[in-house]
Enquirer: 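Quick one: structure below, then a few questions.
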Amino acid sequence: MKSMLIMMRNPSILLLSICIFLIGLGYSLTLPFLPLFGVEKVGMSPLSLGIFLAVGSLSGIISSTLIGKLSDRKPVRKWIVVCSTGSASCGYIFYAFNENYIVLLIISVTFISISFAAFPQLFAIAREFTEKEASADIPIVMSVLRAQVSLAWIVGPVLASFLIHNFDYQGLFLVVSAMYLLVAVFVMFFQVQERKELAPTLEQSLNTITKFKSVLMAPQVIFSLMAFIAFEIANTMGGIITPLYVTQNLDGREFDIGIIAGTNAALQVPIMVALGLMAKRYGSTNLMNYAGLFGVAYFALLMLTKSTLHIIALQIFSAIFIAIVLGIGMTFFQDLLYKQIGTATTLYNNANILGSMGGGLLAGFVGQYYGYKEVMLASVLLSLLGFALLNLSTAKNKTRLRVAEGEQYES
């Protein structure tokens, strides 16, 4: 067995790490500032902005799902990454030289949506490579690679504010385009041997569908899914509305938005590590039960802020909320359905996707007809709803699966 340090010295793993960091950096450069670009440059209303973000997310989910199925049937992961990052590069060039809402929407559901496939396919390549070279080190190597995304979010928003201040959004999008093109070039020369996955038989597919439906009927699963969707809606709404609130209500600048997002990302890294250690000792369920309270505290206090300094200070609550939901959430679902890990992970991802889409639409609707503080109030209520649903599921459901000292048992 190769040690983790030996694996991380491997040129292929290092190249994958760089590619994952660059794509994570691309996300951190664009996502916090797309609402500002839409409102300030394109003239989107809060509602049209919400529609733009939601439609873009939905098209990306559909594209990446279809492409993912193709990658499981044929050994084409490498070329999927090359094509999807090349598509992203083209899409952001269009973003740089266009401010028409309809054209941007078309680019979002075509070029940008195809780019959604790059990130998961890079991790699939890394998984296959590590299985071949040092299978025992898979958890460690994959954790180190995922950490690149958090590191990217520490520097990305600050770098984005610098680029916008000096080169406007055109400069920002051209830099992101160049980064995606660089990933395409790196992956093009990456030597990878992919295995062809066998398609499941009809009987296996029907059995999978039956098991999935039975899992969805379990009350504890339904309540948990609803709770996670509520959490993600609240978090998405906060992420969309905060940049607008800072610039339009608090007279902040793009630099302030970068500092806020970077502070949040920097806090998440050590908090996630600490929560992971706590989850191992106390169980993921016990930590998840308190997630909603941190969301309630953050969004309630956000409504009372009078300056960007206050928002920066409040990021500790947001970071804990996000770290629990995103860092412990998958473990929570896997503990809940410990004999069906694949189904558990699918449910977790679906909850995040639905919450993100719903958050974009709800933020646009509430912001359009009410105001930014009303959006924050809605996030408070959703966090409280998620808290109640999780505790209802874990405290009163007599058939739930528990975790105690690392072992699962049914009560």
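Small disclaimer: the values here were computed from a predicted structure and weren't measured.
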Enquirer: Looking at Met303, I'd like to know if its CE atom is crowded, meaning that more than 12 non-hydrogen atoms belonging to other residues, nucleotides or ligands lie closer than 6.0 Å.
Expert: yes

Enquirer: Please confirm whether the backbone N or O of Arg253 pairs with a side-chain atom of Asp256, one donor and one acceptor, at under 3.5 Å?
Expert: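 Judged by distance alone, yes, a pair lies under 3.5 Å.
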
Enquirer: So, does Ser59 use its side chain to make a donor-acceptor pair with the main chain of Val55 at under 3.5 Å?
Expert: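 A pair under 3.5 Å: yes.
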
Enquirer: Has Phe294 got more than 12 heavy atoms of other residues, nucleotides or ligands less than 6.0 Å from its CZ?
Expert: no

Enquirer: Answer with yes or no after comparing the ring centroid distance for Phe231 and Phe321 against a 6.0 Å cut-off, counting only values under it.
Expert: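 Ring centres of Phe321 and Phe231 closer than 6.0 Å.
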
Enquirer: Write down the atom of Gly26, the atom of Thr30, and the distance for their closest heavy-atom approach.
Expert: O-OG1, 2.9 Å

Enquirer: With distance as the sole test, does Asp168 use its side chain to make a donor-acceptor pair with the main-chain N or O of Gln170 at under 3.5 Å?
Expert: no

Enquirer: Kindly say whether Leu301 contributes a backbone atom to a donor-acceptor pair with the side chain of Thr305 at under 3.5 angstrom?
Expert: no

Enquirer: Which heavy atom of Val158 sits nearest to which heavy atom of Gly258, and what is that distance?
Expert: CG2-O, 3.8 Å

Enquirer: Which distance, rounded to the nearest 0.5 Å, do you find between the CG of Leu53 and the CG of Leu105?
Expert: 10.5 Å

Enquirer: Is it true that Phe37 and Tyr169 have ring centroids separated by less than 6.0 Å?
Expert: yes

Enquirer: For the side chain of Tyr298 and the backbone of Gly238, is there at least one donor-acceptor N/O pair under 3.5 Å apart?
Expert: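 No; judged by distance alone, with no hydrogens or angles, the pair does not exist.
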
Enquirer: What is the distance from atom OH of Tyr180 to atom OG of Ser89, rounded to the nearest 0.5 Å?
Expert: 10.0 Å

Enquirer: Look only at the side chain of Ser28 and the backbone of Leu25, and say whether a donor-acceptor pair between them is shorter than 3.5 Å.
Expert: yes

Enquirer: Working to the nearest 0.5 Å, report the span between CE of Met226 and CG of Leu390.
Expert: 11.0 Å

Enquirer: Quick one: closest heavy-atom pair of Ala291 and Val325, and the distance?
Expert: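 It is CB-CG2, 4.2 Å.
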
